[in-house]
Amino acid sequence: MTLTDFLLLLLAGFAAGGMNALAGGGTFFSFPALLASGLPPVTANATNAVALWPASLAASWAAREQLRPLSRYVVPLVVLSLLGGLGGGLLLLAGGDETFRRLIPWLLLAATLLFAASPWLSKLINGQREAGALPPHGPLGSFAHALVAIYGGYFGAGMGILQLAAFSIEGHPLLRANALKNLLSSCIYSVAVATFVIAGRVSWAELAVLLGAASCGGYAGGALARRLPSHWLRMLVIAVGTGMTLYYFYTG
C-alpha cells in the first residue's frame with residue numbers, strides 16, 4: 001500500500017463513517033476507494049463488507065429489547081438470512097473478479113436509486129400502523145427476504161432500505177421493522193464475512209486503515225448530526241453515487 005493509497009483510504013473511511021452516522025451511504029465512499037487503491041473487485045467488496053460488520057453487530061445488540069419477544073417469529077427469517085448471506089458470498093467468490101467488475105456499475109446504480117428513493121420509502125414505513133399482531137410468514141414474503149439476503153451477501157449497499165420496505169409492507173411498526181432489519185443484517189454480514197475470511201479474500205492492511213478512519217468519522221458525524229442539514233448530506237451522497245455509477249459505466 002502506497003502513501004497515496006493510505007491517504008485515500010483514510011479520507012474515504014472518515015467520509016464513510018461520517019456519512020453513515022449522518023445520512024447513510026458510506027459505501028459510496030469506501031468501496032470505490034478500495035478499488036482505486038488497487039484491490040481486485042471481489043477483494044475490495046469483501047474488505048468493505050468486513051468493515052461494515054462491527055456496526056451491524058452493534059446495531060443488532062442495541063435493538064435486543066425489541067427483538068426479545070419475537071424469538072419464535074424471527075427464527076425462519078434468521079435461517080433465510082444466514083443461507084442467503086452464505087449464498088450471496090459464495091456467488092461473489094464463484095463469479096470471480098471479472099464478473100463482479102462488469103456488475104459494479106449496475107450494483108452502484110441500484111444502490112444509488114435505493115438511497116435516492118429512501119425518503120419515499122420512509123413515508124411508506126411511517127404510514128404503517130404503530131402496533132399490531134405479527135404477520136404470518138407467507139411464501140412471497142419469505143422469497144423476498146431470501147433475495148434481499150443474497151443481495152446483501154453479494155454486495156449489500158442499500159440492503160437496509162430494502163429490508164425496511166419489505167417489513168413495512170408486511171405491516172410491521174417502525175421500531176419492530178428497524179430492529180428486525182438490524183438483526184437480519186448482522187446475520188447476513190456475519191456469514192458473508194466468515195465466507196470471505198475463510199476464502200482469504202480480505203485485505204487486512206486496507207481494512208485496518210478503513211476501520212480506524214471510519215470509527216473517527218462516525219464519532220465526528222455523530223457530533224455534527226444536529227448541526228448540518230441532512231438534505232444537503234443526502235444530496236452529496238446521491239451525487240457521489242451517481243458520479244461513481246457513471247464513471248464505472250464509462251470505464252467498464
Nearest 0.5 Å, please: how far is [atom2] in [Y] from [atom1] in [X]?
X	Y	atom1	atom2	result
L180	H145	CG	NE2	8.0 Å
I104	L35	CD1	CG	5.0 Å
W53	L57	CH2	CG	5.5 Å
L183	C187	CG	SG	4.5 Å
T251	R101	OG1	CZ	9.0 Å
Y151	L114	OH	CG	6.0 Å

| Pairs flagged by salt bridge (Lys or Arg N to Asp or Glu O under 4.0 Å) wherever residues 104-120 is involved - sequence neighbours left out |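 Of all non-adjacent pairs touching residues 104-120, none passes salt bridge (Lys or Arg N to Asp or Glu O under 4.0 Å).
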| message | Strictly by salt bridge (Lys or Arg N to Asp or Glu O under 4.0 Å), give each pair with a member in residues 74-95 just once, sequence neighbours left out. | response | none
Donor-acceptor pairs are to be reported for all side-chain atoms of residues 194-209 against protein atoms at under 3.5 Å, with residues two or more places apart or in another chain.
from: T195; atom 1: OG1; to: V191; atom 2: O; distance (Å): 2.8
from: R201; atom 1: NE; to: T43; atom 2: OG1; distance (Å): 3.1
from: R201; atom 1: NH2; to: T43; atom 2: OG1; distance (Å): 3.0
from: R201; atom 1: NH2; to: D97; atom 2: OD1; distance (Å): 3.3
from: R201; atom 1: NH2; to: D97; atom 2: OD2; distance (Å): 3.3
from: S203; atom 1: OG; to: E206; atom 2: OE1; distance (Å): 2.2

What heavy-atom pair brings [X] and [Y] nearest, and what distance separates the two atoms?
X	Y	answer
L210	G13	CD1-CA, 3.6 Å
F29	A15	CD2-CB, 3.7 Å
F28	G241	CD2-CA, 3.6 Å

| said: Other members of the hydrophobic cluster containing L80, with the 4.5 Å side-chain heavy-atom rule, please. | reply: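 For L80, no cluster forms, as it stays isolated from other hydrophobic side chains.
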Can you sort out the partners of [X] under side-chain hydrogen bond (donor to acceptor under 3.5 Å, both in side chains), two or more places apart, ordered by chain and number?
X	result
N48	S30
T245	none
T47	none

Please output the side-chain donor-acceptor pairs of residues 84-95 that fall under 3.5 Å, not counting sequence neighbours, one pair per line with the distance.
none

| Transitively linked via ILVMFWY side-chain contacts under 4.5 Å: W61 with V193? | no
Atom pairs and distances, side-chain donor-acceptor, residues 1-12, under 3.5 Å, sequence neighbours left out:
from: T2; atom 1: OG1; to: D5; atom 2: N; distance (Å): 3.1
from: T2; atom 1: OG1; to: D5; atom 2: OD2; distance (Å): 3.1

| Residues forming a ring pair (Phe, Tyr, Trp, His ring centres under 6.0 Å) with F155, sequence neighbours excluded |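 Only F31 meet the ring pair (Phe, Tyr, Trp, His ring centres under 6.0 Å) criterion with F155.
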| said: Could you check whether any side-chain N or O of S185 sits under 3.5 Å from a backbone N or O of N182, counting only pairs where one atom can act as donor and the other as acceptor? | reply: no
| message | Per the ring-ring contact (aromatic ring centres under 6.0 Å, His included) rule, what does the pair list look like for residues 78-100, sequence neighbours excluded? | response |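 Qualifying pairs, neighbours excluded: F100-Y154.
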| field | Near-ring test Y248/W106, centroid separation under 6.0 angstrom | value |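 Ring centres of Y248 and W106 not closer than 6.0 Å.
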| query | side chain to side chain contact (heavy atoms under 4.5 Å, CB included) with T242: which residues, sequence neighbours excluded? | reply |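 Residues passing side chain to side chain contact (heavy atoms under 4.5 Å, CB included) with T242: T112, I238, L246.
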